[in-house]
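One structure is given below, encoded as structure tokens.
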Amino acid sequence: MALTLFDLDNTLISGDSDHAWMEFLGSRGIVDTERFNHLNDRFYAEYQAGTLDIQAFLDFQLAPLAAHPRAHLDAWHQEYLQERVLPMISDRARALVEDHRQQGDTLVIITATNRFVTAPIAEELGIVHLLATEPEETASGDFTGRSVGIPCFQAGKVQRLRDWMEAAGLEWASTLRNSTFYSDSHNDLPLLETVTHPVAVDPDPRLRAIAEARGWPILSLHPARVE
């Protein structure tokens, strides 16, 4: 079995899905635009710099989910997907996913962004397996504003993958012998260094330098994206 892993933000899509979600909520007057845009941009800059406090970010990221009924959130997400996300999915990205699908690979999106934001995007791309940061839900399906389990971020991605493989009955060493991971970010170095075939996709400057030094393939799915 070939295992093919994809980061989502700035990899399969030409932007950050959570940053875009917060911008969407602000554009609808659902959150305080000035405050949330300031924090949204600050956390995104910290992510790019590799200094993100993941728990502080999750407190910010998940707060709007707890403030509104699930039905409203789901309706807003449908609008967000159409308006913000679909234009960020390039033909090249869709073709890459389809190529691996036609080869019979097991496809997995592995992303730090929470499952509420990312699950419909994975469905749009036809990728069944999604490893994402998990927002806590009540029995009725509403959100508490907290996360559960290990955030799917940096080294947490490796642990989440290990846990998923164990639950799926996949042996770690033998499965990783034919594994590929596509990512744009130096934050994903722990997982890029774990798989047998790391691929840098429109990489940030730090990851580009590492990929060039180590001879990793560098792929462009979003040539118009500004770093």
Side-chain angles (χ1 to χ4, degrees), residues 3-23 40-54 57-58 61 81 84-100 105 107-115 117-119 121-122 124-127 129-133 151-158 160-161 179-227:
L3 177 67
T4 299
L5 309 166
F6 301 96
D7 178 46
L8 180 65
D9 299 323
N10 293 312
T11 299
L12 284 183
I13 65 174
S14 61
D16 184 280
S17 59
D18 184 66
H19 191 269
W21 167 246
M22 289 297 192
E23 287 184 334
N40 203 21
D41 291 344
R42 191 195 85 189
F43 282 123
Y44 187 52
E46 290 173 357
Y47 171 81
Q48 291 178 310
T51 60
L52 180 65
D53 178 335
I54 187 61
F57 171 66
L58 290 175
Q61 181 192 58
L81 183 68
R84 302 295 179 104
V85 176
L86 293 187
M88 292 194 289
I89 305 176
S90 70
D91 290 342
R92 292 185 186 186
R94 290 186 185 275
L96 176 66
V97 171
E98 188 58 28
D99 180 58
H100 281 285
D105 296 0
L107 309 182
V108 181
I109 287 176
I110 184 163
T111 176
T113 303
N114 73 77
R115 180 174 293 274
V117 169
T118 56
I121 305 173
E124 168 66 26
L125 290 164
I127 297 179
H129 303 296
L130 170 65
L131 301 181
T133 298
C152 199
F153 178 63
Q154 293 183 341
K157 284 193 175 183
V158 178
R160 289 291 305 280
L161 178 64
S179 58
T180 302
F181 179 38
Y182 294 91
S183 176
D184 74 293
S185 176
H186 67 272
N187 285 289
D188 283 334
L189 277 171
L191 186 52
L192 286 163
E193 292 172 338
T194 297
V195 300
T196 47
H197 304 293
V199 182
V201 177
D202 296 298
D204 62 41
R206 181 174 166 188
L207 179 57
R208 180 177 293 277
I210 291 170
E212 290 174 347
R214 300 185 186 182
W216 293 351
I218 298 175
L219 176 67
S220 180
L221 297 179
H222 314 288
R225 181 164 69 82
V226 176
E227 293 292 346

Expected output: side-chain D204 to main-chain Q48 donor-acceptor under 3.5 Å
no
For the atom pair OG1 (T196) and CZ (F181), what is the distance rounded to the nearest 0.5 Å?
13.0 Å
If the condition is salt bridge (Lys or Arg N to Asp or Glu O under 4.0 Å), which residues does D18 pass it with, not counting sequence neighbours?
none
Please name the residue in the list V108, L107, I121 that meets the side-chain contact (heavy atoms from CB on, under 4.5 Å) test with I127.
L107
R92: what forms a side-chain contact (heavy atoms from CB on, under 4.5 Å) with it, not counting sequence neighbours?
S90, S220, L221, P223
Between atom OG1 of T111 and atom CG of L5, what is the distance when rounded to the nearest 0.5 Å?
12.5 Å
Rounded to the nearest 0.5 Å, what separation is found between the CZ atom of F57 and the CG atom of L52?
6.5 Å
List the residues meeting ring pair (Phe, Tyr, Trp, His ring centres under 6.0 Å) with H129, not counting sequence neighbours, and say none if there are none.
W164
Between R208 and D202, is any pair of side-chain heavy atoms under 4.5 Å apart?
no
Rounding to 0.5 Å, atoms OG1 (T118) and CG (L131) come to a distance of 10.0 Å
Side-chain heavy atoms of W216 within contact of I210, under 4.5 Å
yes
Which residues satisfy the side chain to side chain donor-acceptor pair (under 3.5 Å) test with R160, sequence neighbours excluded?
none
Side chain to side chain donor-acceptor pair (under 3.5 Å) partners of R206, counting only residues at least two apart
none
N187 side chain reached by Y47 side chain, heavy atoms, under 4.5 Å
yes
Answer whether the closest heavy-atom distance between the side chains of T113 and L8 falls below 4.5 Å.
no
Using side-chain heavy atoms (C-beta onward) and a distance below 4.5 Å, is V201 in contact with L12?
no
By salt bridge (Lys or Arg N to Asp or Glu O under 4.0 Å) - contacts of E212 (at least two apart)
none
Taking K157 for its side chain and I110 for its backbone only, find out whether a donor-acceptor pair lies under 3.5 Å.
yes
Side chains of T194 and L161, heavy atoms from C-beta outward: is any pair under 4.5 Å?
no
Hey, what do you get for NE2 (H186) to CD (Q154), rounding to the nearest 0.5 Å?
7.5 Å
Can you list everything that forms a side-chain contact (heavy atoms from CB on, under 4.5 Å) with A200? Sequence neighbours excluded, please.
P203, L207, A211, I218
Can you name the residues that form a side chain to side chain donor-acceptor pair (under 3.5 Å) with H100, not counting sequence neighbours?
T4, D105, Y182
side-chain contact (heavy atoms from CB on, under 4.5 Å) involving E124 - partner list, sequence neighbours excluded
L86, I89, R94
If we only count heavy atoms from C-beta on, is the L191 to S183 side-chain gap below 4.5 Å?
no
Could you work out, with side-chain contact (heavy atoms from CB on, under 4.5 Å) as the rule, every residue matching A95, not counting sequence neighbours?
none
Partners of D53 by side chain to side chain donor-acceptor pair (under 3.5 Å), sequence neighbours excluded?
none
Which residue pairs pass the salt bridge (Lys or Arg N to Asp or Glu O under 4.0 Å) test when at least one of the two sits in residues 8-17, sequence neighbours left out?
none
